[in-house]
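Input: a single structure, listed below in structure tokens.
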Amino acid sequence: MTKTAVVLFNLGGPDTPEAVQPFLFNLFNDPAIIAAPGPVRWALAKFISGRRAPIAREIYENLGGGSPLLANTRAQADALEKVLNAGGALGEAKVFIAMRYWHPMSRETASEVAAWAPDRVILLPLYPQFSTTTSGSSIGAWRKAAREAGLGAETQAVCCYPTQQGFVEEVARLTREALSEAREAGRPRVLFSAHGLPKKIVDKGDPYQWQVERSTEAVVAALDEPELDWLVCYQSRVGPLEWIGPDTEAEIVRAAEDGVAIVVVPIAFVSEHSETLVELDIEYGALAEKHGAPGYFRVPTVDAGKAFVEGLAQVVQATAASERRICSLDGGRICPYEWARCPQAAANEADEAIRAKGAG
């Protein structure tokens with residue numbers, strides 16, 4: 001029977017207070033996050049992680065000292081594995097987890113996958129929208145780890161699925177529930193909040209913001225409420241650089257001053273973690289209350305929701321049926337050509353080079 005390994009990518013999070021600083025160091029030492037020469041990046045990562053660690057530890061104290069992200073990702077992996085094996089189209093499927101900045105990281109997982117000896121590996125980021133700083137970084141780290149582990153199985157990567165039907169349906173379902181509750185407090189405004197990026201990364205052709213907007217439009221269409229008051233905004237800004245906007249904090253204040261109930265939808269997060277459970281729930285909730293919002297409601301992440309997991313299974317199956325090394329939801333490049341950092345662009349160029357070499 002054919003064996004298919006599916007590797008779920010996520011950010012990772014510290015599991016103890018002692019892990020906070022090394023987790024942050026790994027994050028800031030990633031060249032996709034800080035584009036500086038190795039020694040300079042290492043020094044900056046040491047400085048920034050040391051400076052931010054006390055603040056981050058306070059955040060994780062609200063979560064019992066560590067991040068729940070790994071446990072939540074395991075629940076998603078278990079649910080996805082069950083759906084894939086029920087269908088049987090991939091033969092025997094086993095779902096693994098590779099975190100980018102804390103354990104289990106790619107090197108550990110690649111060795112585990114190699115020991116299982118699959119016929120095929122499918123890389124599946126738990127980031128619906130592609131960014132060079134998330135999916136791109138994870139796929140790059142995996143390819144290096146796979147080579148070191150001697151993993152020679154055919155490998156395909158999913159680059160993005162910003163409008164995948166199951167993802168959209170699950171977000172819309174959860175948003176409807178929150179809207180129903182929010183309307184008891186008055187007319188609501190829906191803030192679709194995504195993690196922000198420095199503007200210079202987007203200006204270099206990263207398609208993340210464009211894809212976040214497509215995800216949001218798809219959810220709004222599924223809600224089918226023509227009079228819905230909504231907008232996209234971005235959270236989690238750090239450092240002095242200009243970030244993409246509008247800023248979620250500023251929009252919460254504006255909504256409160258406008259006298260509308262606030263419904264916050266985490267449109268780019270699929271698992272509960274510090275940025276939803278602390279930043280959205282505690283910090284932004286307190287901000288809304290301080291400014292007199294008539295109500296503040298946060299939509300849960302999709303987690304292991306049925307429609308979302310079934311949608312992931314469909315993405316995996318479509319990728320397996322494709323001959324492409326980099327696969328997107330629609331079977332090809334979905335981003336306009338102005339987004340030069342779309343991974344489909346690099347994949348297409350590589351394929352063309354291979355074909356040209358073969359023709360020669």
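Quick caveat, the model's predicted, so the values are computed rather than measured.
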Worksheet item: Taking the hydrophobic residues Ile, Leu, Val, Met, Phe, Trp and Tyr, and joining any pair whose side-chain heavy atoms are under 4.5 Å apart, which ones share a cluster with Phe25?
Response: Trp42
Discussion item. Ring-plane angle category for Phe167 and Tyr161, please: parallel below 30°, perpendicular beyond 60°, tilted otherwise.
Written reply: perpendicular
Just by distance, do the side chain of [X] and the backbone of [Y] share a donor-acceptor pair under 3.5 Å?
X      : Y      : answer
Arg41  : Asn29  : yes
Tyr127 : Leu11  : yes
Ser236 : Gly196 : no
Ser271 : Asp303 : no
Ser322 : Ala318 : no
Gln209 : Val202 : no
Gln156 : Arg324 : yes
Ser180 : Arg176 : no
Arg333 : Pro336 : yes
Asp247 : Glu249 : yes

Should [X] and [Y] be counted in the same cluster of Ile, Leu, Val, Met, Phe, Trp and Tyr side chains packed under 4.5 Å apart?
X      : Y      : answer
Phe269 : Val302 : no
Leu231 : Leu228 : no
Val278 : Leu287 : no
Phe23  : Ile34  : yes

Supply the atom-to-atom distance [X] [atom1] to [Y] [atom2], rounded to the nearest 0.5 angstrom.
X      : Y      : atom1 : atom2 : result
Cys160 : Phe130 : SG    : CZ    : 8.0 Å
Ile48  : Ile33  : CD1   : CD1   : 10.5 Å
Leu174 : Thr301 : CG    : OG1   : 8.0 Å
Ser131 : His195 : OG    : NE2   : 10.0 Å
Lys200 : Ile244 : NZ    : CD1   : 14.0 Å
Glu257 : Ile252 : CD    : CD1   : 12.0 Å

Discussion item. If you apply the rule side-chain contact (heavy atoms from CB on, under 4.5 Å), what do you find for Thr216 with Val265, and how did you get there?
Written reply: CA-CA 10 Å; Thr216 303; Val265 183; over 6 Å; no
Worksheet entry | Trp116 six-ring centre to Lys3 NZ/CZ under 6.0 Å and within 45° of normal | yes
Non-hydrogen side-chain atoms of [X] and [Y] separated by less than 4.5 Å:
X      : Y      : result
Val171 : Phe308 : no
Gln211 : Trp339 : no
Leu151 : Trp142 : yes
Pro128 : Val270 : yes
Thr155 : Arg325 : no
Gln21  : Ser49  : yes
Pro246 : Cys233 : yes
Val83  : Leu312 : no

Item to complete: Determine, stepwise, if the pair Arg189 / Asp229 fulfils salt bridge (charged side-chain N to carboxylate O under 4.0 Å, His left out).
Response: CA-CA 5 Å; Arg189 178 175 299 163; Asp229 181 5; 2.9 Å; yes
Fill in: Arg298: which of Glu283, Glu272, Glu279 passes salt bridge (Lys or Arg N to Asp or Glu O under 4.0 Å)
Glu272
Item to complete: Decide salt bridge (charged side-chain N to carboxylate O under 4.0 Å, His left out) for Glu169 and Arg173; before the verdict, give the C-alpha distance in whole Å, the side-chain angles of both, and the deciding distance to 0.1 Å.
Response: CA-CA 6 Å; Glu169 285 180 2; Arg173 180 184 68 82; over 6 Å; no
Response to the item:
The complete set of side-chain hydrogen bond (donor to acceptor under 3.5 Å, both in side chains) pairs with one or both residues in residues 56-73, sequence neighbours excluded, reads Asn10-Thr73
Discussion item. Strictly below 4.0 Å, N to O, side chains only: are Arg254 and Glu251 in salt-bridge contact?
Written reply: yes
Discussion item. One thing to verify: whether Arg183 and Glu225 come together as a salt bridge, which I'm taking to mean a side-chain N less than 4.0 angstrom from a carboxylate O.
Written reply: yes
Compare every heavy atom of [Y] with every heavy atom of [X], then report the nearest pair and how far apart it is.
X      : Y      : value
Gln235 : Ser193 : OE1-OG, 2.7 Å
Leu90  : Ala320 : CD2-CB, 3.5 Å
Thr319 : Ile122 : CG2-CG2, 4.2 Å
Ala153 : Pro118 : CB-O, 3.4 Å
Ala222 : Ala172 : CB-CB, 3.9 Å
Gly259 : Pro294 : O-CG, 3.6 Å

Fill in: Residue pair Glu81, Lys94: steps toward the salt bridge (charged side-chain N to carboxylate O under 4.0 Å, His left out) verdict
CA-CA 6 Å; Glu81 185 172 296; Lys94 188 170 183 179; over 6 Å; no
Does atom [atom1] of [X] have more than 12 heavy-atom neighbours, drawn from other residues, nucleotides or ligands, at distances under 6.0 Å?
X      : atom1 : value
Glu323 : CD    : no
Arg341 : CZ    : no
Arg107 : CZ    : no

Item to complete: Go through the side-chain N and O atoms of Asp119 and Thr2 and say whether any donor and acceptor fall under 3.5 Å apart.
Response: no
Donor-acceptor pairs under 3.5 Å, side chain of residues 95-102 to any protein atom, not counting sequence neighbours: which ones?
{"from": "Arg100", "atom 1": "NE", "to": "Ser137", "atom 2": "OG", "distance (Å)": "2.8"}
{"from": "Arg100", "atom 1": "NH2", "to": "Ser137", "atom 2": "OG", "distance (Å)": "3.3"}
{"from": "Tyr101", "atom 1": "OH", "to": "Asp30", "atom 2": "OD2", "distance (Å)": "2.5"}
{"from": "Trp102", "atom 1": "NE1", "to": "Asp15", "atom 2": "OD1", "distance (Å)": "3.2"}

Practice prompt. Quick one: do Ile334 and Arg214 satisfy side-chain contact (heavy atoms from CB on, under 4.5 Å)? Show the steps, please.
Written response: CA-CA 11 Å; Ile334 64 173; Arg214 302 294 80 73; over 6 Å; no
